[in-house]
Amino acid sequence: MLFAGRANPALASAIAGRLGVELGPVTLRTFSNDEVYCRYTDSIRGADVFIVQPMCGNPATGLNSNDALLELLVMIDAAVGASAHRVIAVTPWYGYSRQDKKSAPREPISARLVARMLESAGVDRVLTMDLHAGQLQGFFSRPVDHMTALMMLADHFRGLEADPGELVVVAPDAGRVKLNKQFATRMGAGLAILDKERPRQQVAEIGHVIGDVRGRTAIIVDDIIDTAGTLRAAGEAVVRAGARRVFAAATHPVLSGRAHENLAVAPFERIVVTDTIPLRPGVPGNVDVVSCAPLLADSIHRIFTDDSVSEVFGGNNHLF
C-alpha cells in the first residue's frame, strides 16, 4: 500500500501511476496550534506500507521542512500502531543531510538525530536519493536503499548538441569529484574541478578552475541547489575560464532564500533538476525537471517483492 504525505503529493501520484496502484486514503491535517495529525482511513493490517514523504517544505500544502519531518514520523507511528507488516519511508530528499558532522564545537549532528527519530518511530526501511554524503547510511541500524539520479541526469544531456570531446563535467568542489567523474565517464566527457572554500554556512567562495574548460561546453553537477549562490559563482568562474556554453544539473532543488534571483542572473543555458522537491512558484524558465518517479517506483516494486534493488544500477548505485 502506497501513501502520500503532504510534502510532495505530485511525486507520490506519479509513483503510484508507474506502479499501477492507487494512493491509499489517509487523513492529514494541521491543527490551529500547528500540531500535525494523521489517520489511515482503511485497514493496513499486514500490509507493506510505503510512505512517500521527502523532508521538504511545500507552500501549496502549507508545510515547512520541519512539519514534513514530523508528519513522516506520525505517519510511521500510526502505521506501526495499525499492525502494518513493514513500514518503508520513501524520502528522496533526506532533511538535515548537510548537518552530518561537527564542524564547530558544541554543534549537533542533526542528520544522525533524524535517523534515530525515524527508527524510534518504527520505520523498517528507508528509500532515499543522493544523500549529501553516502556515509549517512551508517547512522541507521535498519536497511537503507540509496538511489542516485546520476544516470537520469546524464541521459538527459545525451541529446545536447555538442561533440563529446568538447564536453567537460565540472565538480563544484573536491567532495563531488567522485560523483562527477562517474557522470563524465557516462557522458564520455572530460573532468574539471572548482577550487571552493566555505568561510561560513551558506557562503561559498570560488577560487579558480582546475582543468581545461576553454572553448568547451561545461556541465556543473552537484547534489543540491539551495540558495544557488554557490552555483551562480561556479557558473561565473567557468565562464571567466573561457567556457563557451555552461549548463547545470542537480538532484535536489531546495531553492531557498534568493535562489530564484541567483539562478535568473546566472550564466546557465539550462538547469536540470529532479522532482524530489516540488518547485516553488517563480522558478526561472530555464529550469528543467526530470522525474525520479520511474526510478523510485522500480525500487519500491523490488523492495515489495524482495528482489535486488542494486540491480537497478547494475550493482553500482553507491557512487560517492
Side-chain angles (χ1 to χ4, degrees), residues 7-11 14 54-65 68 92-93 95 98 129-130 132 149-150 152-162 167-173 176 179-180 183 187 194 196 198 201-206 209 213 216-293:
N8 199 341
L11 175 60
M55 302 175 201
C56 62
N58 187 341
T61 57
L63 254 63
N64 61 38
S65 57
W93 165 244
R98 286 168 289 180
M129 286 189 66
D130 284 331
H132 190 59
L150 176 73
M152 292 190 304
L153 294 173
D155 290 344
H156 182 82
F157 282 102
R158 286 189 181 279
L160 199 61
E161 294 182 2
L167 287 175
V168 58
V169 175
V170 182
D173 54 55
R176 301 286 106 187
L179 170 69
N180 280 260
F183 193 96
M187 293 285 297
L194 295 178
K196 183 180 80 173
R198 193 174 289 279
Q201 292 173 339
Q202 292 192 313
V203 175
E205 296 177 354
I206 306 295
V209 181
V213 299
R216 305 174 77 177
T217 297
I219 306 173
I220 300 174
V221 183
D222 209 347
D223 60 326
I224 301 167
I225 304 176
D226 191 354
T227 63
T230 300
L231 188 64
R232 173 185 173 182
E236 292 169 347
V238 171
V239 169
R240 287 196 303 270
R244 184 169 56 88
R245 304 170 69 191
V246 186
F247 296 82
T251 302
H252 306 296
V254 177
L255 303 186
S256 67
R258 292 182 53 82
H260 289 176
E261 291 84 349
N262 283 325
L263 292 180
V265 298
F268 299 108
E269 287 189 32
R270 309 300 303 177
I271 302 159
V272 183
V273 298
T274 77
D275 55 353
T276 58
I277 299 173
L279 298 180
R280 292 186 292 116
V283 68
N286 63 339
V287 176
D288 298 329
V289 179
V290 177
S291 180
C292 59

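Worth saying up front: this structure is predicted, and the values here are computed from it rather than measured. One is the number of the first residue; the rest follow in order along the sequence.
Using a 4.5 Å cut-off on side-chain heavy atoms (C-beta onward), Pro54 and Asn8 make contact. Contact annotation: the side chain of Leu179 approaches that of Leu150 to within less than 4.5 Å [non-hydrogen atoms, C-beta and beyond]. A 4.5 Å side-chain heavy-atom check between Val246 and Val213 finds every atom pair outside the cut-off. Inter-residue side-chain proximity for Val265 and Arg232 is flagged as met; some heavy-atom pair is nearer than 4.5 Å. Counting heavy atoms from C-beta on, the side chains of Arg270 and Val287 never come closer than 4.5 Å. The side-chain heavy atoms of Thr276 and Met129, taken from C-beta on, include a pair separated by under 4.5 Å. Side-chain contact between Val238 and Ile220: present, with at least one pair of heavy atoms (C-beta onward) separated by less than 4.5 Å.
The closest donor-acceptor contact from the side chain of Thr274 to the backbone of Cys292 lies at 3.5 Å or more, if one exists at all. Side-chain atoms of His252 never come within 3.5 Å of backbone atoms of Trp93 as a donor-acceptor pair (strictly under, hydrogens ignored). For the pair Arg280 (side chain) and Leu255 (backbone), a donor-acceptor distance under 3.5 Å is present.
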Does Asp223 form a side chain to side chain donor-acceptor pair (under 3.5 Å) with Thr251? I'd like the steps, not just the answer.
CA-CA 5 Å; Asp223 60 326; Thr251 302; over 6 Å; no
Evaluation steps, side chain to side chain contact (heavy atoms under 4.5 Å, CB included), between Leu231 and Asn262:
CA-CA 8 Å; Leu231 188 64; Asn262 283 325; over 6 Å; no
Run the side chain to side chain contact (heavy atoms under 4.5 Å, CB included) check on Ile219 and Val168 step by step: do they pass?
CA-CA 6 Å; Ile219 306 173; Val168 58; over 6 Å; no
Could you give me the CA-CA distance, side-chain angles and deciding distance for Val170 and Asn180, then say whether side chain to side chain contact (heavy atoms under 4.5 Å, CB included) is met?
CA-CA 7 Å; Val170 182; Asn180 280 260; 5.8 Å; no
Worked verdict on Phe247 versus Thr217 for side chain to side chain contact (heavy atoms under 4.5 Å, CB included):
CA-CA 8 Å; Phe247 296 82; Thr217 297; 3.7 Å; yes
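When every heavy atom of Pro267 is checked against every heavy atom of Glu236, the shortest pair comes out as CG-N, 3.8 Å. Of all heavy-atom pairs between Phe268 and Gly235, the closest is CZ-CA, 3.7 Å. The minimum heavy-atom distance between Met55 and Gly95, with the atom names listed, is SD-N, 3.3 Å. Smallest separation of non-hydrogen atoms from His156 and Val290: ND1-CG2, 3.6 Å. Across all non-hydrogen atoms, the minimal contact from Ala249 to Leu153 is CB-CD1, 4.4 Å. Across Ala7 and Cys56, no two heavy atoms sit closer than the pair CB-O, 3.6 Å.
Note that the CZ atom of Arg98 and the NE2 atom of His132 stand 7.0 Å from one another [nearest 0.5 Å]. One distance of note links CG of Leu263 with CG of Asn286; it measures 7.0 Å at 0.5 Å rounding. Of the inter-residue distances, the one linking Met187 atom CE with Asp155 atom CG reads 9.0 Å to the nearest 0.5 angstrom.
Judged by distance alone, the side chains of Ser291 and Asp275 do bring a donor and an acceptor atom under 3.5 Å apart.
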